[in-house]
Amino acid sequence: MSVSSKDEWKGAVDVAAWSFNIVTSVGIIIVNKALMATYGFSYATTLTGLHFATTTLMTIALKWLGYIQNSQLPLHERVKFVLFANFSIVGMNVSLMWNSVGFYQIAKLSMIPVSCFLEIVLDNVRYSRDTKLSIMLVLLGVAICTVSDVSVNAKGFIAACIAVWSTALQQYYVHFLQRKYSLGSFNLLGHTAPLQAASLLLSGPFVDYWLTGKRVDAYYYTFTSVFFIVLSCTIAIGTNLSQFICIGRFTAVSFQVLGHMKTILVLILGFLFFGKEGLNLHVVIGMLIAIMGMIWYGNASSLPGGKERRPSTLNNNQEDKIALVESTQAEEKA
């Protein structure tokens, strides 16, 4: 296969992976919104545990069919990943409960600069001026769309900080583990989903009771509500898998930047399906600004120097030492 053909194939796969993530993510948001708003199933942490339990069953079936090969991931790495992921889930729920919607949205937007910080410090990534400006344009557009009233309190601020940092670390860790241990998306999901399902299903009912004052076992289950729970769990398989695929193919920052397209789609679909949130002028302007920023980011980050990992100082020093030794040996031979 020629270089151009490989680039075209990679581009097609990238678009397919991203489209898969957008469709499943927006779909699960719409289903969960109907489940919680219409049928009163407000047990978000327990529902997430069910999502990962369903995903675990999928990975077991794929392994039995031979689509997932045996691989190794140390237990301490799995535990760290699950801690980051669970703190992210609980932190987001608590942040939404303790903060205004406006501050909750600001906290979500801050994940992009935090993810950039992690890539700069841990991976020695450097961004061009255009890449930085495009990220700022995306943040501005999404802020105009989503941020309304903003009020801050001490415990809400702490919850938001925990949610933001744990989410950024979890997304960075997906890319890090895949690169370090040469794991595919299916393999990594197969290693982490069972532990995450078990921990969330054990702690979820207690966390949900603390957040809502309601017991999940006391909920009145109807055929329709159970259907939506099953539908949510089914879509979650694709959501979890597509997240791992996208972060593995891109980076946590690109995942966050382009992921705000889902925010815009949710606003549009919320208006179409639920009719409660009107698309006024400033929301439409914010959407257009965010979309322009996303297009700009895609172009800027793909250019040479737009976003690149530079060799660490340690590697440079080692290369200098090797070159010095080789030159000394050459002089001695001469």
Side-chain angles (χ1 to χ4, degrees), residues 25 28-29 31-60 75-101 103-105 107-108 111 152-171 173-174 189-237 239-240 243:
S25 298
I28 200 170
I29 290 172
V31 170
N32 286 352
K33 187 169 184 178
L35 179 61
M36 295 180 181
T38 306
Y39 300 101
F41 191 86
S42 55
Y43 312 99
T45 309
T46 303
L47 182 62
T48 307
L50 293 173
H51 289 169
F52 280 101
T54 312
T55 303
T56 300
L57 293 177
M58 182 270 294
T59 59
I60 292 173
L75 179 61
H76 71 276
E77 298 281 29
R78 281 180 278 172
V79 171
K80 281 194 291 186
F81 176 86
V82 170
L83 284 175
F84 292 148
N86 288 357
F87 270 109
S88 169
I89 293 165
V90 176
M92 281 297 178
N93 291 338
V94 174
S95 177
L96 183 59
M97 181 181 71
W98 286 350
N99 294 309
S100 66
V101 174
F103 185 73
Y104 173 78
Q105 291 294 344
K108 287 182 67 177
M111 288 179 195
V152 186
N153 58 80
K155 64 179 184 179
F157 179 78
I158 294 172
C161 288
I162 292 173
V164 167
W165 278 94
S166 57
T167 302
L169 284 167
Q170 183 252 344
Q171 292 181 354
Y173 221 53
V174 170
L189 201 56
H191 285 300
T192 58
L195 188 57
Q196 199 165 354
S199 58
L200 287 174
L201 288 177
L202 289 173
S203 63
F206 300 100
V207 173
D208 289 332
Y209 181 75
W210 174 51
L211 293 175
T212 65
K214 300 175 183 178
R215 290 168 43 190
V216 66
D217 60 308
Y219 175 77
Y220 179 68
Y221 294 89
T222 63
F223 175 81
T224 309
S225 64
V226 171
F227 169 78
F228 273 96
I229 292 172
V230 173
L231 181 60
S232 177
C233 291
T234 304
I235 299 174
I237 295 174
T239 306
N240 292 329
Q243 179 183 2

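Because only heavy atoms are used, hydrogens play no part in the values below, and waters and symmetry mates are left out as well, while side chains stay in.
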Worksheet item: Could you state the interatomic distance from CD1 (Ile29) to CD1 (Ile235), rounded to the nearest 0.5 Å?
Response: 11.0 Å

Worksheet item: Are the side chains of Tyr221 and Val216 in touch, meaning some heavy atoms are under 4.5 Å apart?
Response: yes

Worksheet item: To the nearest 0.5 Å, how far apart are OG1 in Thr46 and CG in Asp208?
Response: 4.0 Å

Discussion item. Quick check: closest heavy atoms across Gly156 and Trp98, and the distance to 0.1 Å?
Written reply: CA-CB, 3.9 Å

Fill in: Contact summary for Gly49 and Leu201, nearest pair of heavy atoms
C-CD2, 3.7 Å

Item to complete: Report yes if some heavy atom in the side chain of Leu35 is under 4.5 Å from a heavy atom in the side chain of Ile229; otherwise report no.
Response: yes

Fill in: Test item: Tyr173 and Glu77 side chains (from C-beta on) under 4.5 Å apart, heavy atoms
yes

Response to the item:
In this structure, CZ of Phe52 is separated from CG of Leu189 (nearest 0.5 Å) by 7.5 Å

Worksheet entry | Beyond-backbone contact of Asn32 with His51, side-chain heavy atoms, under 4.5 angstrom | yes

Discussion item. Quick one, Thr167 and Met92 - any side-chain contact, counting heavy atoms below 4.5 Å?
Written reply: yes

Item to complete: Measure the acute angle between the ring planes of Phe223 and Phe227, then classify it against the limits of 30° and 60° as parallel, tilted or perpendicular.
Response: parallel

Worksheet item: Taking side chain as C-beta onward, heavy atoms only, is Asn93 less than 4.5 Å from Val207?
Response: no

Discussion item. Working to the nearest 0.5 angstrom, can you tell me the gap between Asn86 CG and Leu195 CG?
Written reply: 8.0 Å

Worksheet entry | Full working for side-chain contact (heavy atoms from CB on, under 4.5 Å) between Asn240 and Met58 | CA-CA 11 Å; Asn240 292 329; Met58 182 270 294; over 6 Å; no

Discussion item. Run the side-chain contact (heavy atoms from CB on, under 4.5 Å) test on Phe87 and Gln170 for me, step by step, so that the C-alpha distance in whole Å, both residues' side-chain angles and the decisive distance to 0.1 Å come before the verdict.
Written reply: CA-CA 9 Å; Phe87 270 109; Gln170 183 252 344; over 6 Å; no

Practice prompt. May I ask you to test the Val94-Trp210 pair for a side-chain heavy-atom distance under 4.5 Å?
Written response: yes

Worksheet item: Where do Ser225 and Tyr220 come nearest, in terms of heavy atoms and distance?
Response: OG-O, 4.3 Å

Item to complete: Grab the two heavy atoms, one from Thr56 and one from Pro194, that are nearest each other, plus how far apart they are.
Response: OG1-N, 3.3 Å

Item to complete: Indicate the atoms forming the closest heavy-atom contact of Ser42 with Thr212, along with that distance.
Response: O-CG2, 3.6 Å

Practice prompt. Output yes when a side-chain donor or acceptor of Ser232 lies under 3.5 Å from a complementary backbone atom of Phe228, and no otherwise.
Written response: no

Item to complete: Rounded to the nearest 0.5 Å, what's the gap from OH on Tyr219 to OH on Tyr43? Could you check?
Response: 7.5 Å

Worksheet item: Less than 4.5 Å apart, any side-chain heavy atom of Tyr209 and any of Lys214?
Response: no

Worksheet item: Between Val164 and Ala107, what is the shortest heavy-atom contact and its length?
Response: CG2-O, 3.1 Å

Item to complete: Can you measure from CD1 (Ile162) to CZ (Phe157) and round to the nearest 0.5 angstrom?
Response: 11.0 Å

